[in-house]
Amino acid sequence: MSENTVKTADTGITMGGNFIHDIIDQDLADHKYSREITTRFPPEPNGYLHIGHVKAICIDFGTAMKYGGKCNLRYDDTNPAKEEEEYVGSIEGDIRWLGFQWNQLNYASDYFPKMYECCEELIRKGKAYACQMTPDDIKNSRGTLTEPGKNSPYRDRPAEESLQIFHDMRDGKYGDGEVCIRAKIDMASPNMNMRDPVIYRVLHVTHHHTGDRWCVYPIYDFAHPIEDAIEGITHSLCSLEFEDHRPLYNWVLESLDWPEPPQQIEFAKLNLSNTIMSKRYIRKLVESGVVEGWDDPRLCTIAGMRRRGYTPEGIKNFVMAVGVSKANSNIDMSQLEFFIRDDLKDKTESRMVVLHPLKLIIDNYPEGQTEWLPVENKAGDESKGTHEMPFSRELWVEQEDFMEVPAKKYFRLFPGNEVRLKGAYFVTCNSVVKDENGNVVELHCTYDPDTKSGTPGADARKVKGTIHWVDAGSCIDIPVREYGYLAQYNEETGYNEFDPNSKTDLTAKAEPFLKEIAPGERVQFFRNGYYIADAVLSKPGAPVFNQIVGLKSSWKPEAK
RNA sequence: AGGGGUAUCGCCAAGCGGUAAGGCAGUGGAUUCUGAUUCCACCACCCGGGGGUUCGAAUCCCUCUACCCCCGCCA
């Protein structure tokens with residue numbers, strides 16, 4: 001068994017596989033590099049980071065950490081037409097929130113002078129040339145997947161001529177698309193990327209970082225290996241679709257005679273079921289106003305997950321458990337939810353909140369009387385202490401905790417059945433009141449004064465059900481938003497499409513103690529899951545709660 | 001015969017010639033003042049199909065099949 005395959009971290013989380021570690025171990029054994037292991041996370045600043053990027057971030061930063069090396073954050077901003085400053089700040093904040101610290105913060109655009117020189121060098125060496133075919137002609141002469149392309153008529157022009165044109169390009173003497181610099185490789189290569197790829201283009205666009213200093217910009221395939229080499233990257237980790245680009249990546253560095261060049265290693269992207277991962281589509285949702293913004297809690301952006309209440313630890317544990325491989329995968333949402341729940345269960349306290357209220361009246365409890373009862377802050381965890389809850393004759397309980405005609409193995413409230421009110425007394429349901437439509441609107445019960453929690457009577461006999469409740473006279477109303485699936489699979493289109501209805505607004509009845517929850521704090525609602533007080537929308541005294549994840553339940557109504 | 005990848009349980013994922021790890025999901029049970037948590041147990045005679053090599057293969061060879069990526073002056 002490889003040392004790097006199965007590993008239990010300090011957290012007890014089982015790690016998925018990671019073939020990258022095997023490669024690096026070998027490189028280390030071979031003394032391939034005279035510098036320390038260095039990686040980079042190179043986002044293009046054209047959108048917010050999402051769960052897919054988290055995997056890349058964990059791999060890039062995690063690999064550097066594992067080998068005691070460094071990881072740089074680098075904005076891959078070689079195309080000014082598609083990038084904006086707005087995203088730059090969010091990216092740094094998101095990475096910091098995840099808990100990673102970069103070594104250097106770089107802009108690929110800061111390397112434009114060096115890249116320009118490298119291009120000159122290739123031209124001088126006869127490995128690149130200025131091509132004045134139109135974009136359409138270049139496209140048409142490239143050939144197809146099964147047919148070779150044709151050489152550009154400019155392919156063999158003198159290096160000095162190409163060099164002069166390149167300088168003129170830089171000096172603004174050409175318009176967009178009039179001329180470009182192409183690598184001279186092989187128009188008959190079965191790898192389309194090697195058919196004299198364009199490496200520099202004219203673009204009269206203001207760059208968010210370099211302004212109007214340049215009107216020529218390098219193409220990714222030429223820029224990236226140079227960026228990596230400049231920074232001393234040893235392992236350039238990227239996703240699978242760049243496998244075909246690796247020969248070009250290596251060609252650039254070899255042609256430049258770069259010593260100890262970095263190597264590119266590809267891994268499979270993260271895909272989540274029922275989730276929209278495409279940056280393009282997320283942008284559409286944001287711009288069309290279907291969602292509240294890039295940080296809408298229903299989105300799988302880091303900002304959205306943060307606002308939804310997911311923890312960095314939970315997310316990272318999930319990513320580590322998923323592992324690193326080269327097989328396309330589609331991971332179940334339940335896997336992510338498990339790790340969020342798993343992380344939250346020790347970090348949260350429990351509060352009683354009735355999402356769908358049903359009035360419960362204790363007929364034999366004195367009218368006007370209220371007693372304060374201590375309730376555990378966390379079930380089964382005495383170290384977390386207790387807090388006081390008011391209890392009186394009229395309460396709210398959950399609608400689903402009562403069934404007029406009980407299903408099999410249903411052991412909550414139904415006529416004639418006795419249950420425990422969490423932290424309070426045993427009650428037995430005697431009768432119900434219905435409205436004109438036949439809906440049960442009120443439960444009449446009697447309680448047993450000898451069964452008060454904390455007294456011997458509370459354990460004298462067993463009841464199978466324990467339900468949560470809230471004092472009707474003193475409870476507070478809180479807005480609650482429950483989020484469903486982030487997206488639904490549309491069979492007609494074959495795509496995951498955002499479900500704008502995946503949000504339910506409720507006004508729930510909550511115990512008064514919930515007032516003391518601060519925005520951003522997470523709590524567990526009894527049997528309803530984990531929630532977070534929305535740090536963005538909540539105002540003092542009126543917290544809004546977003547659902548993070550629901551609790552698993554081993555009882556299903558079908559089991560009748 | 002374009003090229004490059006990938007195929008191991010419903011979903012991820014170990015395995016690298018010695019006779020199928022683990023996690024999620026699921027199932028059964030114990031504990032429980034949340035049907036949560038915790039805790040046990042079960043959950044691939046088989047590794048995309050078919051051949052072959054071998055005492056022995058998911059692991060080597062041949063072949064077939066399926067899926068993903070590549071014809072941007074995007075990244």
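These figures come from a predicted structure and were not determined experimentally. Values below: every heavy atom of this structure, side chains too, minus hydrogens, waters and symmetry copies. Here is the naming used below: chain letters follow the sequence lines, and residue numbers restart at 1 for every chain.
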_Using atom C1' in both nucleotides, what's the gap between B:C69 and B:C74 to the nearest angstrom?_
16 Å

_Gap in Å between the two C1' atoms, one belonging to B:C42 and one to B:C9, rounded_ = 14 Å

*State, yes or no, whether a side-chain contact exists between A:D60 and A:I57 at a heavy-atom distance under 4.5 Å.*
no

*In terms of the nearest nucleotide of RNA chain B, which residue is placed more toward the 5' end: A:Y530 or A:T134?*
A:Y530

*OP1 or OP2 of B:A75 less than 4.0 angstrom from a side-chain nitrogen or oxygen of A:R201, does that happen here?*
yes

*Distance between P atoms of B:U8 and B:U37 (Å, rounded)*: 30 Å

*asked:* Looking at A:R527, I'd like to know whether one of its side-chain N or O atoms comes within less than 4.0 Å of OP1 or OP2 on B:A36.
replied: no

*Would one find a side-chain N or O of A:R142 under 4.0 angstrom from OP1 or OP2 of B:G2?*
no

_From CG of A:L551 over to P of B:U38, roughly how many Å is that when rounded to an integer?_
11 Å

*Would you say B:A13 has OP1 or OP2 under 4.0 Å from some side-chain N or O of A:S325?*
yes

*Expressed in whole Å, how much space separates the C1' atoms belonging to B:C60 and B:A30?*
48 Å

*asked:* Considering every strand and a 4.0 Å limit on heavy-atom distances, what is the contact class for A:V324: base, sugar-phosphate, or nothing?
replied: sugar-phosphate

*Atom P, compared across B:A58 and B:G18: separation rounded to whole Å*: 11 Å

*Are the ring centres of A:F338 and A:F318 closer than 6.0 Å?*
no

*Distance, P atom - from B:U31 to B:G15, rounded to whole angstrom*: 40 Å

*Residue-phosphate contact under 4.0 Å: A:T78 side-chain N/O, B:A75 OP1/OP2*: yes

*Specify the separation, in whole Å, of atom CD of A:E44 and atom P of B:C74.*
11 Å

*Does the A:S273 side chain pair with the main chain of A:M333, one donor and one acceptor, at a distance under 3.5 Å?*
yes

_Closest approach to the side chain of A:D244, judged atom by atom: which nucleotide of B:C69, B:A36, B:G5 is it?_
B:C69

_Phosphate contact (B:C11 OP1 or OP2) by A:S273 side-chain N/O below 4.0 Å_ = no

*Can you find a side chain N or O atom of A:K552 that sits less than 4.0 Å from OP1 or OP2 on B:G26?*
yes

_Residues forming a ring pair (Phe, Tyr, Trp, His ring centres under 6.0 Å) with A:Y116, sequence neighbours excluded_ = A:F166, A:W214

*Check the chi torsion on B:G28 and let me know: syn if it falls within 90° of 0, anti if not.*
anti

*Quick one: A:M133 CE to B:G72 C1', roughly how many Å, whole number?*
15 Å

*For A:D401 and B:A36, give me the distance from atom CG to atom P, rounded to whole Å.*
14 Å

_Taking B:G22 as the reference, what is the distance to B:C39 when you measure between their P atoms (whole Å, please)?_
16 Å

*Starting from the 5' end of RNA chain B, give me the residue, A:I138 or A:L336, whose nearest nucleotide shows up first.*
A:L336

_Using the P atom as the point on both nucleotides, what is the distance between B:G10 and B:C43, in whole Å?_
15 Å

*Can you tell which of A:K384, A:K422, A:R351 makes a salt bridge (Lys or Arg N to Asp or Glu O under 4.0 Å) with A:E376?*
A:K422

*Between A:Y425 and A:F391, does the ring centroid distance fall short of 6.0 Å?*
yes

_Counting only side-chain nitrogens and oxygens, does A:K139 get under 4.0 Å of the OP1 or OP2 atom of B:G72?_
yes

